[in-house]
Amino acid sequence: MSNILAAWIGFLLGGVSGAIPGLFFYRYDWLGGYTSWPRRMIRLGHIAFFGIGFLNLGLGLTSITLKLESPAASVLMIVGAATMPLLCYASAFKPVFRHLFFIPAGSVILSIALVIERMVQL
């Protein structure tokens, strides 16, 4: 159930994080232009809320449907959902944070691997 809640919180934050920058997207030079690093990272952060939100929703519904429990996978997916957008926004303004992307990526990958392992054991 925690992953389903995390998913819906991610969807809400994705909507808000898209609406605010959306007020400025019409300006060609905003944050250095369309292809600038800050603008790309802000777009990625916005999409990460939705993308990892869908993964959380899938994990939560899979756990309920298959009666599959993996507390570690659940926590790791929530860690990925929290840290990916955070690092995207931090990297937009301090590029050195890009070196920490292994944290959310690794969390999500490990979570998925744990779920697959549990499914194979069923």
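For clarity, every value in this text was computed on a predicted model and none was experimentally measured.
The neighbour count for E69 CD, taken as heavy atoms of other residues, nucleotides or ligands under 6.0 Å away, does not exceed 12.
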Check residues 93-111 and write down every donor-acceptor pair under 3.5 Å in which the side-chain atom is one partner and the other belongs to a residue at least two apart or another chain.
from, atom 1, to, atom 2, distance (Å)
R98, NH1, P95, O, 3.2
S107, OG, I103, O, 2.8
S111, OG, A73, O, 2.7

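Residue N56 holds its CG atom at 6.0 Å from CE of M77, rounded to the nearest 0.5 Å. We find the CD1-CG distance between I42 and L31 to be 4.5 Å, quoted to the nearest 0.5 Å. Atom CG of L44 sits about 14.5 Å away from atom CZ of R39, to the nearest 0.5 Å. The CE atom of M41 sits 11.0 Å away from the OG atom of S36 when rounded to the nearest 0.5 Å. Rounding to the nearest 0.5 angstrom, the gap separating the CD atom in E117 from the CD1 atom in I112 is 14.0 Å.
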Verdict with supporting geometry, L66 and R118, side chain to side chain contact (heavy atoms under 4.5 Å, CB included): CA-CA 10 Å; L66 299 180; R118 293 285 294 133; over 6 Å; no

Show your working on side chain to side chain contact (heavy atoms under 4.5 Å, CB included) between I4 and W8 and close with a plain yes or no. CA-CA 6 Å; I4 294 173; W8 285 102; 3.9 Å; yes

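Residue pairs meeting the ring pair (Phe, Tyr, Trp, His ring centres under 6.0 Å) criterion with at least one member in residues 38-88, sequence neighbours excluded, are F11-F54, H46-F50. Contacts classified as ring pair (Phe, Tyr, Trp, His ring centres under 6.0 Å) and involving residues 19-39 (residues at least two apart or in different chains) are given here: F24-W30, F25-W30.
When side chains are defined from C-beta on, S74 counts as touching S2, because their heavy atoms get closer than 4.5 Å.
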